[in-house]
Amino acid sequence: QVQLVESGGGTVHPGGSLRLSCVVSGSTSNYYAVGWFRQAPGKDYEGVSFISGVEDNTYYADSVKGRFTVSRDNAKNTVSLQMNSLKPEDSATYYCAARYSSGSYYFRGWNEYSYYGQGTQVTVSS
């Protein structure tokens, strides 16, 4: 049974940084694509960043491009999202999602993933 556990959320001032981590356990393969999504109250899931199963191809939403960086540490079964220059509009619950994939492409849809974390809250406020 694959399980995803996120951590690293919290409250920061505008301009601050947070690093979210998503630990993947129970996977039978090292080849899995991961997506980071966020959901603000009353809004739909928004795809923030994605990383492919192999070659670590990445995608960033325009709203976070240049501020967020996704990375993978296979030795730790962890995918991280480094968030810099945070803005109040980045406040949301952040979720990681995963699916087995040995391809070099990422997946942009929430429903394209098979496994989901429980979410971690990020609040950016002065």
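Contact detail for V54 and S52: the closest heavy-atom pair is O-OG, 2.6 Å. S85 and R67 make their closest contact through O-NH1, 2.9 Å (heavy atoms, listed as atom of the first residue, atom of the second, distance). Across all non-hydrogen atoms, the minimal contact from C22 to W36 is CB-CZ2, 3.6 Å. What you find for Y32 and S27 is that their closest heavy atoms are CD2-OG, 3.9 Å. Nearest heavy atoms, F107 versus S101: CE1-OG, 3.7 Å. The minimum heavy-atom distance linking Y60 with F68 is given by the pair CE2-O, 3.2 Å.
Between D62 and K65 there is a salt bridge, since a side-chain N of the basic residue sits under 4.0 Å from a carboxylate O of the acidic one.
The hydrophobic clustering, which links ILVMFWY residues whose side-chain heavy atoms are closer than 4.5 Å, places Y105 and V79 apart. F50 is not connected to V122 by any chain of hydrophobic side-chain contacts under 4.5 Å among Ile, Leu, Val, Met, Phe, Trp and Tyr, and they are in different clusters. Following chains of ILVMFWY side-chain contacts shorter than 4.5 Å, one cannot reach Y95 starting from L20, and the two form parts of different hydrophobic clusters. Under the 4.5 Å side-chain heavy-atom criterion for grouping Ile, Leu, Val, Met, Phe, Trp and Tyr, F37 is connected to Y106 within one hydrophobic cluster. Clustering ILVMFWY residues whenever any of their side-chain heavy atoms sit less than 4.5 angstrom apart, transitively, puts Y116 in a cluster other than the one holding V70.
Atom CG of L86 is separated from atom OG of S91 by 8.0 Å, given to the nearest 0.5 angstrom. Note that CZ of R19 is 8.5 Å distant from OG1 of T69, once rounded to the nearest 0.5 Å. Separation of atoms CG (L81) and OG1 (T120) is listed at 11.0 Å; rounding is to 0.5 Å. Note that OG1 of T58 is 6.5 Å distant from CD1 of I51, once rounded to the nearest 0.5 Å.
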Under 3.5 Å, sequence neighbours excluded: what are the donor-acceptor pairs made by side chains of residues 3-17?
unit_1 : atom_1 : unit_2 : atom_2 : d
E6     : OE1    : Q118   : N      : 2.9
E6     : OE1    : G119   : N      : 2.6
E6     : OE2    : C96    : N      : 2.7
E6     : OE2    : G119   : N      : 3.4
H13    : ND1    : S125   : O      : 3.1
S17    : OG     : N84    : OD1    : 3.0

With a cut-off of 3.5 Å and sequence neighbours excluded, list every side-chain donor-acceptor pair involving residues 40-49.
unit_1 : atom_1 : unit_2 : atom_2 : d
E46    : OE1    : R38    : NE     : 2.8
E46    : OE1    : R38    : NH2    : 3.4
E46    : OE2    : S63    : OG     : 3.3
S49    : OG     : Y59    : O      : 3.0

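Side-chain atoms of M83 and D90, non-hydrogen and from C-beta on, never get closer than 4.5 Å to each other.
Ring to ring, Y113 and Y115 are not that close: their centroids are 6.0 angstrom or more apart.
T93 pairs by the side chain to side chain donor-acceptor pair (under 3.5 Å) definition with Q121, not counting sequence neighbours.
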